[in-house]
Asker: 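Below you'll find the structure I mean.
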Amino acid sequence: MKPYIEVIGESKYLETVQNYIADINIIVWTNRTKIPLNEVTILRNLCIESLLSNGLQESELKEGGMDVRERSLNRRRIRQEAKQKIIISCSDISRLIQAVSTLEKLFKKPRYSFTLDMRQPLFSTSLEVKEEAKKAAIKNAYSHAKLLVESANTNIENIVKIEELSPIVGESEVYNDELKNIVITAASSKSDANYRSLGNATREITVRYRVIFGIKSLSDTVRLNSADFE
């Protein structure tokens, strides 16, 4: 087998949130035997009207379905609980939060509440940025290989193989599972302050390629990883 050197090249780029995604679970419960399906459906429709009247577009709202449960409070008391979900997908977090904050006035009854669950947002960047990062990773691999072979008094002859490795996705610090179980009811605090807009969150993506370079003859095969020299 001809001598070769194997290195891993890396580069980084940023992705920005394209869409924030939130689940609104509308909850109505009763201690009676009758399931409050009609109540929760009416409340759902009022929530949709409020969201659309306060900055959101119909294309940003999706149906999330219904859930009905019976819970035993004790031996004598049964609670019937009905839920309906509305899924919001919005590129502007300030519009999303402002629209959701208007729902509070609809939940005046103690039996009414809703939860706001933020999902992992959708990140994206341009194709040009991704392509440039790939090129930079290959160049980074070549730089590592060149440094190593020069230290061994030999030269690179050709590229034998290029293998794309799984990218490393950095943390964005955006709420997702941590917001679950937040319940908003009529007892929640109110604020008339305007929502201050900030830039959308970003996360760092590390692109990685394993590259094998053919080198001029050596007495022993050189097989090194660039990580050993960082």
Side-chain angles (χ1 to χ4, degrees), residues 15-73 77-124 171-203:
E15 286 186 329
T16 304
V17 173
Q18 177 183 344
N19 274 324
Y20 290 93
I21 303 172
D23 292 343
I24 296 179
N25 294 292
I26 301 159
I27 306 163
V28 176
W29 62 268
T30 178
N31 288 331
R32 293 173 293 180
T33 57
K34 185 178 180 181
I35 300 173
L37 293 179
N38 189 52
E39 275 186 292
V40 76
T41 300
I42 292 173
L43 189 56
R44 165 195 175 274
N45 293 340
L46 291 174
C47 287
I48 292 174
E49 290 177 10
S50 181
L51 293 171
L52 294 177
S53 299
N54 289 279
L56 293 183
Q57 305 298 318
E58 193 164 349
S59 60
E60 295 172 325
L61 304 182
K62 302 297 181 184
E63 179 61 63
M66 177 183 289
D67 182 56
V68 177
R69 296 184 182 182
E70 181 178 277
R71 297 174 54 191
S72 297
L73 301 180
R77 296 177 62 195
I78 299 295
R79 171 176 289 186
Q80 303 287 353
E81 185 177 271
K83 296 181 182 179
Q84 288 212 19
K85 180 186 290 186
I86 301 170
I87 303 170
I88 303 175
S89 179
C90 181
S91 60
D92 187 346
I93 189 67
S94 63
R95 279 199 300 115
L96 189 156
I97 292 179
Q98 285 180 325
V100 170
S101 67
T102 65
L103 299 182
E104 185 178 355
K105 62 181 180 293
L106 301 175
F107 292 80
K108 296 179 180 180
K109 295 183 179 181
R111 296 187 297 106
Y112 293 178
S113 64
F114 72 90
T115 62
L116 174 65
D117 299 345
M118 295 298 294
R119 298 190 195 178
Q120 181 69 29
L122 177 63
F123 289 83
S124 70
E171 295 291 335
S172 67
E173 307 299 331
V174 176
Y175 277 122
N176 41 66
D177 290 341
E178 296 167 328
L179 267 186
K180 291 180 180 178
N181 300 324
I182 289 183
V183 180
I184 303 175
T185 66
S188 300
S189 60
K190 296 183 179 180
S191 175
D192 295 327
N194 292 327
Y195 190 83
R196 183 171 179 175
S197 298
L198 301 174
N200 281 3
T202 61
R203 67 180 181 186

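We count residues from 1, following the sequence as given. Side chains are part of it too, since the values below use all heavy atoms of this structure and drop only hydrogens, waters and symmetry mates.
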Asker: Pick one: which of Leu106, Leu103, Asn38 meets side-chain contact (heavy atoms from CB on, under 4.5 Å) with Leu43?
Answerer: Leu106

Asker: Which residues pass the side-chain hydrogen bond (donor to acceptor under 3.5 Å, both in side chains) test with Thr41, sequence neighbours left out?
Answerer: Gln84

Asker: Checking Ile26 against Cys47 for the side-chain contact (heavy atoms from CB on, under 4.5 Å) test, could you report, in this order, the C-alpha distance in whole Å, the side-chain angles of both residues, the deciding distance, and whether it holds?
Answerer: CA-CA 9 Å; Ile26 301 159; Cys47 287; 3.8 Å; yes

Asker: Working to the nearest 0.5 angstrom, can you tell me the gap between Ser50 OG and Asn45 CG?
Answerer: 12.5 Å

Asker: For the CZ atom of Arg111 and the CZ atom of Arg79, what is their distance to the nearest 0.5 Å?
Answerer: 10.0 Å

Asker: Quick one, Cys90 and Tyr20 - any side-chain contact, counting heavy atoms below 4.5 Å?
Answerer: no

Asker: If you look at every heavy atom in Ser124 and Gln18, which pair is closest and at what distance?
Answerer: OG-OE1, 3.0 Å

Asker: Listed by chain and number, what are the salt bridge (Lys or Arg N to Asp or Glu O under 4.0 Å) partners of Glu49, not counting sequence neighbours?
Answerer: none

Asker: Evaluate the side-chain contact (heavy atoms from CB on, under 4.5 Å) criterion for residues Ile93 and Val17: first the C-alpha distance (whole Å), next the side-chain angles of each, then the deciding distance (0.1 Å), finally the verdict.
Answerer: CA-CA 10 Å; Ile93 189 67; Val17 173; over 6 Å; no

Asker: Given side chains that start at C-beta, do those of Asn25 and Asp67 come closer than 4.5 Å, heavy atoms only?
Answerer: no

Asker: Is there a side-chain contact (heavy atoms from CB on, under 4.5 Å) between Leu52 and Ile48? Walk through the geometry before answering.
Answerer: CA-CA 6 Å; Leu52 294 177; Ile48 292 174; 3.9 Å; yes

Asker: Let's go through Asn54 and Gln98 carefully: what are the C-alpha distance in whole Å and the side-chain angles of both, what is the deciding distance for side-chain contact (heavy atoms from CB on, under 4.5 Å) to 0.1 Å, and is it a yes or a no?
Answerer: CA-CA 7 Å; Asn54 289 279; Gln98 285 180 325; over 6 Å; no

Asker: Over all heavy atoms of both residues, which pair between Ala99 and Thr102 is shortest? Give the atoms and the distance, please.
Answerer: O-OG1, 2.6 Å

Asker: Please report the closest heavy-atom contact between Trp29 and Pro110, naming both atoms and the distance.
Answerer: NE1-O, 3.7 Å

Asker: Look at Lys34 together with Glu39 and state whether they make a salt bridge at an N to O cut-off of under 4.0 Å.
Answerer: no

Asker: With sequence neighbours left out, what residues match Glu81 under side-chain hydrogen bond (donor to acceptor under 3.5 Å, both in side chains)?
Answerer: none

Asker: For Val40 and Ala82, work out which heavy atoms get closest and say how close.
Answerer: CG2-O, 3.7 Å

Asker: Ignoring hydrogens, what is the shortest heavy-atom contact between Gln57 and Arg95? Give both atom names and the distance.
Answerer: N-NH1, 4.5 Å

Asker: Output the distance between atom CD (Glu171) and atom CZ (Arg203), rounded to the nearest 0.5 Å.
Answerer: 9.5 Å

Asker: Can any side-chain N or O of Asn19 pair as donor or acceptor with the backbone N or O of Ser91 at less than 3.5 Å?
Answerer: yes

Asker: What I'd like to find out is whether the side chain of Glu60 reaches to under 4.5 Å of the side chain of Leu51, using heavy atoms alone.
Answerer: no

Asker: With a 4.5 Å limit on heavy-atom distance, are the side chains of Ile24 and Thr115 in contact?
Answerer: no

Asker: Could you measure the distance from the CD1 atom of Ile27 to the CZ atom of Arg69? Nearest 0.5 Å is fine.
Answerer: 9.5 Å

Asker: If you measure only the distance, is there a donor-acceptor pair under 3.5 Å linking the side chains of Thr16 and Asn200?
Answerer: no

Asker: For Glu63 versus Ile87, what's the shortest heavy-atom pair and its separation?
Answerer: O-CD1, 3.9 Å

Asker: Do Asp92 and Leu96 have side chains that approach each other closer than 4.5 Å (heavy atoms only, starting at C-beta)?
Answerer: no

Asker: Determine the interplanar angle of the Phe107 and Phe114 rings, folded into 0 to 90°, and report it as parallel if under 30°, tilted if 30 to 60°, perpendicular if over 60°.
Answerer: tilted

